[in-house]
Number of protein chains: 2
Amino acid sequence: MQEQANTIIQTLRSKGLRVTPQRFAVYANLLSRIDHPTVEQILTDLNKDFPVSSQATIYSSLQALREVGLVREVLLEEGVSRYDANVQLHHHFCCQRCGAIEDIAWDTFKCIELRNLRPGLHGETYEVTVQGLCDACGEGSNSRNEEVKVDSEQTDN
Amino acid sequence: MQEQANTIIQTLRSKGLRVTPQRFAVYANLLSRIDHPTVEQILTDLNKDFPVSSQATIYSSLQALREVGLVREVLLEEGVSRYDANVQLHHHFCCQRCGAIEDIAWDTFKCIELRNLRPGLHGETYEVTVQGLCDACGEGSNSRNEEVKVDSEQTDN
DNA sequence: CTTTGTGCAAACGATTTGCAGGATG
DNA sequence: CATCCTGCAAATCGTTTGCACAAAG
């Protein structure tokens, strides 16, 4: 765990970023999570035990990390940005019921043919977003009638 | 053109929506555009000649149209919602330079295998977002070095 | 005539910004 | 020690809401 810390410090330094406790904490937190937290979630998580950082600092840390390519912004819901320390190409799965977001390995769908685009468009890269039910929410998929459509009216408004 | 208007009116009525000049205008505007305008763009466009609608009304019209399934919200950039009267399944192309958004026919990429998802995830639907250069921006793609990376610093900040 | 929509302005929530003090290299 | 970061609070910007008046059916 000490080594992980060192690795993170090296990474930050190698990108020309000053290493501050806050910046370190934000990046370490993102690296340790598989969900794609919002700023608020990161802030809450970091300050759980004792105050480590402020909101504005999270924003600025994320911006710095994003500028050097260590972190990525993910837009899947309206209103909030989520962040991801997985900067490799990958797709996303988004649970329609609980909103959980999960990465999907890039080569799960490698059959996209950008050459199928109409002439004139020059595709460089792409990303697939899958909507569906995650493990927990899919369990009750026998009685889907009530379960599945819960959020489309409440979350939506 | 009179007929188109009637069709729109029929469509709105058939969905149980009252037909008001503003609501009509918003829907007609969306139907006539292939880009995916923001609220501000719709408002500007409608009020170009003379005042037709207010901001709050655009929002409420869009919400009503969305609730009955005539309009869809599209999230591709941070900070703004865009709207689309094409509610059929389709993918999106997003120009990395000018930000233009264009629909891609659903069957352009029909080889996605949702069964490739890891066990436990239950994929229902998906959408592909392609990033690249549109016709206009792709023209100068010979001299891509300077052209392509223009917006990542200006738009981004 | 009843119900629903419109428009204004105020409220809201996520994100950004200005600035003074503090930490990093 | 110069530079860059932090944290607070105020400012911004997209979106939502409350309410009085107007229009739709």
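Both backbone and side-chain heavy atoms feed into the values below; hydrogens, waters and symmetry mates do not. Quick caveat: nothing in here was measured; it's all calculated off a predicted structure.
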In whole Å, I'd like the distance from the [atom1] atom of [X] to the [atom2] atom of [N].
X: L12(B); N: dT4(C); atom1: CG; atom2: P; value: 16 Å
X: E78(A); N: dT16(D); atom1: CD; atom2: C1'; value: 11 Å
X: Q55(B); N: dA10(C); atom1: CD; atom2: P; value: 14 Å
X: Y59(A); N: dT6(D); atom1: OH; atom2: C1'; value: 16 Å

* From the options dT15(C), dT6(D), dA9(C), select the nucleotide whose nearest atom is closest to the side chain of S81(A). =>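 Among dT15(C), dT6(D), dA9(C), the one nearest the side chain of S81(A) is dT15(C).
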So, does [X] get its side chain near the phosphate of [N], meaning an N or O under 4.0 Å from OP1 or OP2?
X: Q22(B); N: dG7(C); value: yes
X: T57(B); N: dG7(C); value: yes
X: S60(B); N: dT6(C); value: yes

Please produce a list of atom pairs where a protein N or O lies less than 3.5 Å from an N or O of nucleotides 21-24 of chain D.
from, atom 1, to, atom 2, distance (Å)
dA24(D), N3, R18(B), NH1, 3.4

* Do the side chains of I9(B) and R13(B) get nearer than 4.5 Å, heavy atoms only? ->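 R13(B) vs I9(B): side chains touch.
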* Can the ring centroids of H36(B) and Y83(B) be said to lie less than 6.0 angstrom from one another? ->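 No.
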* If you pin S53(A) and V39(B) to their nearest nucleotides in DNA chain D, which one's is more 5'? ->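 Going by which nucleotide is closer to the 5' end, it is S53(A).
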* To do: Determine to 10° how strongly the helix from dC1(C)-dG25(D) to dG25(C)-dC1(D) is bent, judged from the axes of its five-pair ends.
  =>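 Comparing the first five pairs with the last five, the axes sit 40° apart.
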